[in-house]
Amino acid sequence: MSAAETDTDGGDGNVDVDAVVIGAGFSGLYMLHKLREQGLDVRVYEKGAEVGGTWYWNTYPGARCDSESHIYCFSFDEGLHREWEWSERYPEQPEILDYLQWVADRLDLHRNIAFEREVTSATYDDETATWSVELADGERVTTRYFVTAVGCLSEPFLPDFDGLDAFEGEWYHTARWPDGEIDFGDDHVGVIGTGSTGIQFISEVGGQADHLTVFQRTPNYAVPARNRPLEDDEYDEIRENYDDIWEQARDSRLGMPFDHEHETDYGLSEDEIRDVLEERWQQGGFRFLHSFEPGSILSNPELNEVVSAFIREKIRGKVDDPETAEKLVPTDHPYGSKRPPMDYNDYYGTYNRDDVSLVDVDEHPIERVTADGIRTTADHYPLDVLVFATGFDAMTGAILAMDIEGKNDQTIEEKWEAGPRTYLGLMTSGFPNLFTITGPQSPSVLTNMPLSIEQHVEWIADCIRYMDEHGYDRIEARRESEDQWVQNTNMLAENMLFSQAKSWYRGANVPGKTQVFTPFPGGLDNYREICARVARDDYDGFELERASG
Ligand code: NAP
């Protein structure tokens, strides 16, 4: 559908539409719904052919979410979460995609979304306080508000290996997986990457392929997810308690309703700590990372070392061959300093199979892709299929992929050259009326995403309503507030263990990218309070103006 065919009534006369939103995943869908409810004319542009965002693109075998399903959904509409019923503790990609399509149908969202339309640039005009947004096909649309709902992990990162063009087999990036099922039965498959995605892929395809060779640079700490079907009576209980569940989740650091029964590790012996860990290991998922007082495993090095050693022992206990086991044991970074992956499907046990092998490309790096495989500094590995589970240009990649120009001809790329700078992760100074849902320096990826998204969408919608009510047509983050917020985020991160890992949280996975810790690590609960206070104080830290001055 072209933009012209979408069902909008036109903006206020000076602009084509009141708001342009980029992306039709969780954030774009809710932003559209919310602004439309407030009477704005909204147009959503989506690169994909359907709604879903992350869950539209990441259709690789084994794709699943690591937040528990009953909280990995919208909470704003009681009807939505009471009617939908998840089938497993952790939702699989097709089920999340079905859910988002169902939500879009229920809220009649499709009519304002233009699919297969890519926004390439956007330019701000300070005289009129409007944005001119340009699409890949050359169409331009003017808007008062410009909202990025592009996700934090949406710009795939493909390492620049020599020889890939001449590879004669099939190759795929997990975040651009082709439609339809692939039968790997006769294939020698190679996969590069052992992050959350690689771990899911390897557990699923190990045993399906004729042979699977895993090229691992850095091992990870995968904690059992303990996935299982959700029983009817369990679901009834969730429904009965939904209000409390959401309240507890919103009031937590992670956006997840976990009880911290063991408030602190203080005074516990190492054996007692290990007993707690064992109990949480059996419960599985993110409950393990939060075995103790929120954040303590991520900020107390002694406690973290006990936890890391506990997981290392578990890994050694699962892998038969001691040499392979040692390669799978992470020693270069503390547990949690990189995004901790989940093990849904006996990941470590996969390496006990004869048809799965592990190649350590830290010891012998990949030299090049050849016509029929991969050459490392030690050996050549023949492959029919090569899979890149190599992650994303995270947090900023999808925003910087567009050519966004703000006041004084400054591009966002220039402004963020030394790392992203925002106030609250919601706006960046010099770019009025541009809102970034789950933007850099907001809690985003350190939390249960749908709840963080809802908070951002509601804050932005309230802000726009406030502007309308008070006759403002321009809002911009003040430079001083932004500087303080960036400093605050950096300081919080420095007091934690994040600097000890080369992670995508810090941009360290993309060669040449400026390394700076990007999400706000102070907890969703605290962040919500800060944002609410800012709004209550008439958008303290923001400059509000009428275009006429
Ligand atoms: P990732 O965590 O960035 O992992 C990328 C992997 O590729 C790493 O093992 C990395 O090794 C490897 N790699 C990259 N460049 C390489 C090179 N030149 N040579 C060899 N190896 C290379 O990406 P991801 O696994 O796609 O996960 C990204 C995030 O998406 C996750 O952390 C999570 O937040 C989210 N996700 C969530 C789920 C879920 O909910 N269950 C599932 C998938 C993804 P190094 O570690 O050495 O850099």
Exercise. Which value, rounded to the nearest 0.5 Å, describes the distance between Arg506 atom CZ and Gln515 atom CD?
Worked result: 5.0 Å

Problem set entry | Between His70 and Tyr235, ring centroids under 6.0 Å | no

Exercise. Considering residues, nucleotides and ligands other than Asp232, do more than 12 of their heavy atoms fall under 6.0 Å from its CG?
Worked result: no

For this session: Describe, in one word, how the ring planes of Tyr99 and Trp102 are oriented to each other, choosing from parallel (under 30°), tilted (30 to 60°) and perpendicular (over 60°).
Result: tilted

Exercise. Taking atom types as modelled and ignoring hydrogens, do the side chains of Thr194 and Asn220 form a donor-acceptor contact shorter than 3.5 angstrom?
Worked result: no

Problem set entry | Whether Phe258 and His290 hold their rings parallel, tilted or perpendicular, with breakpoints at 30° and 60° | tilted

Exercise. Just wondering, do Ser121 and Glu405 contact through their side chains at under 4.5 Å, heavy atoms?
Worked result: no

Problem set entry | Pair His81 and Phe74, ring centroids less than 6.0 Å apart | no

For this session: Using atom types as modelled and distance alone, determine if a side-chain donor or acceptor of Asp343 lies under 3.5 Å from a backbone N or O of Ala225.
Result: no

Seminar exercise, completed: Residues passing the ring-ring contact (aromatic ring centres under 6.0 Å, His included) test with Tyr90, sequence neighbours excluded, are Tyr344

For this session: Look only at the side chain of His33 and the backbone of Gly28, and say whether a donor-acceptor pair between them is shorter than 3.5 Å.
Result: no

Exercise. Where is the tightest heavy-atom contact between Gly285 and Val223, given as atom of each residue plus distance?
Worked result: O-CG1, 4.1 Å

Exercise. Quick one: OH on Tyr45 to CD1 on Ile22, what's the gap to the nearest 0.5 Å?
Worked result: 10.0 Å

For this session: Examine distances only and state if a side-chain atom of His456 and a backbone atom of Thr438 form a donor-acceptor pair shorter than 3.5 Å.
Result: yes

Problem set entry | Presence of salt bridge, Arg465 and Asp462, under 4.0 angstrom | yes

Exercise. Which word best sums up how the rings of Tyr60 and Trp177 line up, parallel for under 30°, tilted for 30 to 60°, or perpendicular for over 60°?
Worked result: perpendicular

Exercise. Under 4.5 Å between any side-chain heavy atoms of Leu35 and Tyr145, yes or no?
Worked result: no

Problem set entry | Heavy-atom closest contact (Ala222 atom, Tyr347 atom, distance) | CB-CD2, 4.4 Å

Exercise. Stepwise, does the salt bridge (Lys or Arg N to Asp or Glu O under 4.0 Å) test hold for Arg339 with Asp66?
Worked result: CA-CA 11 Å; Arg339 162 81 179 210; Asp66 54 12; 2.7 Å; yes

Exercise. Is there side-chain contact between Ile404 and Trp131, with heavy atoms separated by less than 4.5 Å?
Worked result: yes

Problem set entry | side chain to side chain donor-acceptor pair (under 3.5 Å) assessment of Gln93 paired with Thr59 | CA-CA 7 Å; Gln93 173 271 332; Thr59 57; 5.5 Å; no

For this session: Sequence neighbours left out, what passes ring-ring contact (aromatic ring centres under 6.0 Å, His included) with Phe167? Give chain and number order.
Result: none

Exercise. Could Asp525 and Arg250 be called an ion pair, given the rule that one side-chain N must be under 4.0 Å from one carboxylate O?
Worked result: no

For this session: Decide whether Glu50 and His110 meet the rule of one side-chain donor and one side-chain acceptor closer than 3.5 Å.
Result: yes

Exercise. Are there more than 12 heavy atoms of other residues, nucleotides or ligands under 6.0 Å from atom CD of Glu37?
Worked result: yes

For this session: Step by step, work out the side-chain contact (heavy atoms from CB on, under 4.5 Å) result for Glu454 and Tyr30.
Result: CA-CA 7 Å; Glu454 285 188 335; Tyr30 188 32; 3.9 Å; yes

For this session: Measure centre to centre between the rings of Phe498 and Tyr505, then say whether the value is under 6.0 Å.
Result: yes

Exercise. So, Trp171 versus Phe388, ring centres under 6.0 angstrom or not?
Worked result: yes

For this session: Please check if the side chain of Ser452 supplies one atom and the backbone of Thr447 the other of a donor-acceptor pair under 3.5 Å.
Result: no

Exercise. Taking Thr350 for the side chain and Asp346 for the main chain, is one N or O donor matched with an acceptor at less than 3.5 Å?
Worked result: yes

Exercise. Name the one of Phe435, Trp416, Tyr423 that satisfies side chain to side chain contact (heavy atoms under 4.5 Å, CB included) with Thr428?
Worked result: Trp416

For this session: Compare every heavy atom of Gly419 with every heavy atom of Val516, then report the nearest pair and how far apart it is.
Result: CG1-CA, 3.7 Å

Problem set entry | Polar side-chain atom of Asn448 near backbone of Tyr72 as donor-acceptor pair, under 3.5 Å | no

For this session: State, yes or no, whether a side-chain contact exists between Ile238 and Ile245 at a heavy-atom distance under 4.5 Å.
Result: yes

For this session: Using modelled atom types only, decide if a donor and an acceptor are shared between the side chain of Trp86 and the backbone of Ser69 within a distance under 3.5 Å.
Result: yes

Exercise. Within a radius of less than 6.0 Å around NZ of Lys502, do more than 12 heavy atoms belonging to other residues, nucleotides or ligands occur?
Worked result: no

Problem set entry | Flag, side chain of Thr436 to backbone of Gly425, donor-acceptor distance under 3.5 Å | yes

Exercise. Are Glu68 and Arg287 ion-paired here, with the side-chain N under 4.0 Å from a carboxylate O?
Worked result: yes

For this session: Could you verify whether a donor N or O on one side chain and an acceptor N or O on the other, from Thr130 and Thr142, lie under 3.5 Å apart?
Result: no

For this session: Please lay out, stage by stage, how Thr422 and Val486 fare under the test side-chain contact (heavy atoms from CB on, under 4.5 Å).
Result: CA-CA 7 Å; Thr422 72; Val486 174; 5.6 Å; no

Problem set entry | salt bridge (Lys or Arg N to Asp or Glu O under 4.0 Å) between Glu95 and Arg64, worked out | CA-CA 9 Å; Glu95 197 171 10; Arg64 192 182 280 280; over 6 Å; no

Problem set entry | Side chain proximity check, Pro420 to Met395, heavy atoms < 4.5 angstrom | no

Exercise. Would Arg228 and Glu234 pass as an ion pair if we require N to O under 4.0 Å?
Worked result: yes

Exercise. Would you call Arg117-Asp137 a salt bridge at under 4.0 Å N-O?
Worked result: yes

For this session: Examine distances only and state if a side-chain atom of Thr143 and a backbone atom of Phe146 form a donor-acceptor pair shorter than 3.5 Å.
Result: no

For this session: Using a 4.5 Å cut-off on heavy atoms from C-beta on, say whether the side chain of Lys415 contacts that of Arg421.
Result: yes

For this session: Would you indicate whether the side-chain heavy atoms of Leu230 and Ser87 approach each other to under 4.5 Å?
Result: no

Exercise. Arg36 versus Leu109: any side-chain heavy-atom pair under 4.5 Å?
Worked result: yes

For this session: Apply side-chain contact (heavy atoms from CB on, under 4.5 Å) to the pair Val42 and Val17, showing each step before the final yes or no.
Result: CA-CA 6 Å; Val42 188; Val17 288; over 6 Å; no

For this session: Return yes when atom CD of Glu170 has more than 12 non-hydrogen atoms of other residues, nucleotides or ligands closer than 6.0 Å, and no otherwise.
Result: no

Exercise. What residues, two or more places apart in sequence or in another chain, satisfy ring-ring contact (aromatic ring centres under 6.0 Å, His included) together with His333?
Worked result: Tyr221

Exercise. Would the Trp504 and Phe157 ring centres measure less than 6.0 Å apart?
Worked result: no

Problem set entry | CA sep, side-chain torsions, deciding dist, call: Leu40, Asp468, side-chain contact (heavy atoms from CB on, under 4.5 Å) | CA-CA 11 Å; Leu40 269 74; Asp468 285 349; 4.2 Å; yes

Exercise. Between Met449 and Cys152, what is the shortest heavy-atom contact and its length?
Worked result: CE-SG, 3.8 Å

Exercise. Taking the six-membered ring for Trp, are the ring centroids of Trp459 and Phe542 within less than 6.0 Å of each other?
Worked result: yes

For this session: Could you tell me whether the side chain of Arg82 and the main chain of Glu240 form a donor-acceptor pair under 3.5 Å?
Result: no

